[in-house]
Structure formats: C-alpha cells, structure tokens
Amino acid sequence: MKKNIIAMNASIMIGLGSILAAPSVYAESISDLEKQKESIQEKRSGVESNISDTEKKIDSLQDKQMTAEDQIAAIEAKIAESAKKIDAKNAEITQTKKEIEALKEEIKVLKERIAKRNEVLKERALSFQETGGDVNYLEVLFGSSSFGDLVDRVGAVATIAEADRDILKQHELDKKELEEKQKAVETKLASLEVAKAELLEIQKQQKQQKQEKDALVKKLKQQTEKHEHEKMGLEEEKANLAAQEKAIKSAISLEHQRLAELEAARKKAAAEAKKRAEQEAAQAAAQAASQASQATETKKQSTSSGYSAKSNSSSSSSPASSNVSQAPAVSSGTFTRPSAGYVSSTMGERWNKQHAGIDIAASGTVPVVAAADGVVSRSYFSSTYGNVVFVTHSISGQQWTTVYAHLSSRQVGEGAVVAKGQQVGIMGNTGHSYGQHLHFELHKGSWNYSKSNAVNPLNYIPN
C-alpha cells in the first residue's frame, strides 16, 4: 500500500515538473516572435527607404520630362516660325516669278522695238552704201532755191542726223536695260531659292530635334511608369509588413496570455497535488491502523473508483466531429491542403512571368481553409489578387506566410487568430483571374513584392 502511494506521489510530481518546465518553452517562443517582429521592422525600414529612393527617381524623371517638354514647345515654336518664313519666301518667289512673266512681256516689246530700229538702221546703212553717205546731204543742200530754203534744208539735215544718233543711243540703252533686268530678276530668284533651301534645312533639323525630344519624353514616361509600378509594389509590401508586424504582436500577446494561463494552471495543479498528497497520506495512515475487514472494504471501493475513472476517461477522450463541408481532411504535417480540387497550374515560369504559387481548381462552392495555425495579417481586395487573405505563421521559431487569392468572399478579418483547417474564404474568380480557382502561395519568411521568399507549396502540403 505504501509503495502504491509513493508511486502515485511520484507520478504527480513528474506531471507537476512538466508543467513547471513549460513556461521556459513558451518564453523561448515569445523570444522567437520578438526576433521576428524586429526582423519585420527592419524590413519595413528598408522598404520605406526604397520607396523614398523610388520617389526621388520619379521626381527626377518628371523634372527631366518637364524640361524636355519645354524644349519641345520651344522647338515647335521655332518650327512654326520657320514655316512662316518659308511661306514668306514662297510668296516672294511667286511674286518674283510673276515679275519675270511681266518682264517677259516687256522684253517682247523691247525686242519688237529693237527689230524695228534694226530695220531703220539697215535702211540707213543701205542708203549710205548706195550714195556714199554725206553726198545725199550735199545734194539736199545744193538743191535749195533760195537762202531761206537753204536754211530750212540745213535744219532738216541736222534733225535727221540727230534722229539717227538717238535711235542708236536708245537702241543701246534698251539692250542694256534688258540685260540688267534679266540679270536682276535671275539674281533675285536664285537668292530666294537659296534662302528657301536654307530655311527648309533649318526646319528639317528642328523637326529632327523634336523627334529626338519626343523619343526622350516617351522613354522618360516609360521609366516613370516603371518606377511608379515599383513604388506601388513597395507600398503594398510595406502594408503587408505592417500587417505582419501587427499579427506578430497579436501572437506575442496570445503567448503571454497562454503563459499566464499556464502559470495559473501550474499553481492550481500544485495546490491540488499538495492537498491530494495530504489526503492520501491521512487515508494511508487510517487504512494501516484499521482492521482486515476495513482493508477489504477499502479494496472494493478502490476497484469501483478505478472503473468509474476509466469510464469517465473513455467518455472524455471521444473525438469531436469535424464539420468542414467539401474541405479536405486536415493532415498531420506542418501544413494541410488549403482546398479541394486539382492542381491546374504549378509554380514556375508562366506567360513570361514567375508564377509564385500553385493554382487549385474546382467547381461549385468550395471552402478554403488555413494551411496552418496563425494570425490573419491582411484581408482585403487587391486589383491583381482579388479577394485575398494573408496569414502569418510562427512554426518552430520560423516565420511563414500563406496567401489565399481570387476568393469569391473572405470570412476572416485582419488580426483574427485561425486554426489549421479553419475556413478563411470561398474559392472564386476575382482580380486578375481566368476561371474559378484558388491561387495559393507559401513564403518562408515575410511576403515581399519580388516574392523572393516563395517556396513550392507542393513540397509542403499533401497532394
């Protein structure tokens, strides 16, 4: 009897010892969570720095773009000015060509006039050859009948001679004027053509400059859009890190709460064990002093008590039934399968982009469950993920993140504590999705925009 009592007390002390040892395990877990929180804070600081650098790049590109656009506006003004000058030169050239056409008419008249004078001069030359020139004039003078007639004849001869000289002089002047006018308009037209060619070359260079500036602006816009897209990704990463930090803080709070409950349970167990030991010691002393009949009675009571305890134990150990409709059975591994269905797309290269998770497809109303115990770090609608839930897990000191995307609906909010196999949403087709499926990602660490921590879920969940 004493041996049985000693063994029972030893058993109680061993159980109590395990309870007393438990707080150190939880303290280590809290320390791991604190380290994860510090790691997330450092990553947030790094992401914020990257966002700041990206914003500076965007500002610099926008400044360059504005400068280039101002230069384009100035070039366009110069092109417009050159076009006006070219139009003016074209108008001058058109006017000069009209002047040339008018001059052609004048030249035609002059040529006719010169031709007539040439005929007169030919007649004069022929007369000179036939009569010897001056003989005609002497015959005119000697043929006068009186002195008065002689004076008249002398005046007439002088007039004729003067007329011949005028004809020759005008002939020379007309020829000279014709040559000068032709030379002047030809020089003017050539000068206008050269000026126009120069303006066209300037305008060509200006248009080439504008094309170069247009190409520069296009390139700057593309770079700006790229950095703005990166900034959006970094801001989403920052928001996810903030949510994960909040989830870790929640987990730390839960660990502290669990530790406090454990300490209370330890004290209660210690008090009950002490009281039970005292009661059993008193009972043992009473049994040792009793008679044999009392010992026999005690033995019967002990047998009855053992049967009752066994019966109670069997009743309390009956498993609770699970009521997760159409969800896969919760596996015993670290992670369980998040939904029913078949794997329609694996992790890897897809559409010239990295597919950072797997797709599980099924029809109908398909529940999606948490792959492991954790805290919901984000629950929101994303333009790409659609309805999406992020869950942060702390497993053996390692932080994990699971992502459940394209849900038709979400059934958990940020900060919610979820158990492995607990429903978090319904499979859907929201966001950038083609057909109903669950996009599931598993990250060893925190989620980031580049998804550098993503691992193949098929290596961790049951097929």
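These values consider heavy atoms only, across backbone and side chains, with no hydrogens, waters or symmetry-generated copies. Residue numbers count from 1 along this sequence.
W400 is not listed as a side-chain neighbour of N453, based on a closest heavy-atom distance of 4.5 Å or more. T224 has its side chain out of reach of K57: every pair of non-hydrogen atoms, C-beta onward, lies at least 4.5 Å apart. Considering only heavy atoms from C-beta on, V418 comes within 4.5 Å of V412 through its side chain. Contact of the H393 side chain with the V391 side chain is registered, since non-hydrogen atoms from C-beta on lie closer than 4.5 Å. A 4.5 Å side-chain heavy-atom check between V376 and F390 finds every atom pair outside the cut-off.
None of Q223, E230, H229 except one satisfies the side chain to side chain donor-acceptor pair (under 3.5 Å) rule with H227; the exception is E230. Of the listed residues (V388, N429, I426, V389), just one forms a side-chain contact (heavy atoms from CB on, under 4.5 Å) with L407, and that residue is V389.
Checked by atom type and distance alone, the side chain of H355 pairs as donor or acceptor with a backbone atom of T346 at under 3.5 Å. The main-chain N or O of K183 is found under 3.5 Å from a side-chain atom of T187 such that the two form a donor-acceptor pair.
Side-chain N/O atoms of S82 and Q206 include a donor and acceptor closer than 3.5 Å. In the model, Q71 has a side-chain atom that pairs as donor or acceptor with a side-chain atom of K213 under 3.5 Å. Looking only at atom types and distance, the side chain of Y385 has a donor-acceptor partner in the side chain of E441 under 3.5 Å away. Side-chain contact of S383 with H432: a donor-acceptor pair under 3.5 Å is absent, judged by distance alone. With hydrogens and angles left out, the side-chain atoms of S344 and Y342 include no donor and acceptor closer than 3.5 Å.
By the side-chain hydrogen bond (donor to acceptor under 3.5 Å, both in side chains) test, N448 pairs with S450, S452, sequence neighbours left out.
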*Report the C-alpha separation of D214 and K210 in whole Å, then their side-chain angles, then the decisive distance to 0.1 Å, and conclude whether the salt bridge (Lys or Arg N to Asp or Glu O under 4.0 Å) test is met.*
CA-CA 6 Å; D214 286 338; K210 183 178 180 296; 2.9 Å; yes
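Looking at E225 and K221, no side-chain N of the basic residue comes within less than 4.0 Å of a carboxylate O on the acidic one, giving no salt bridge.
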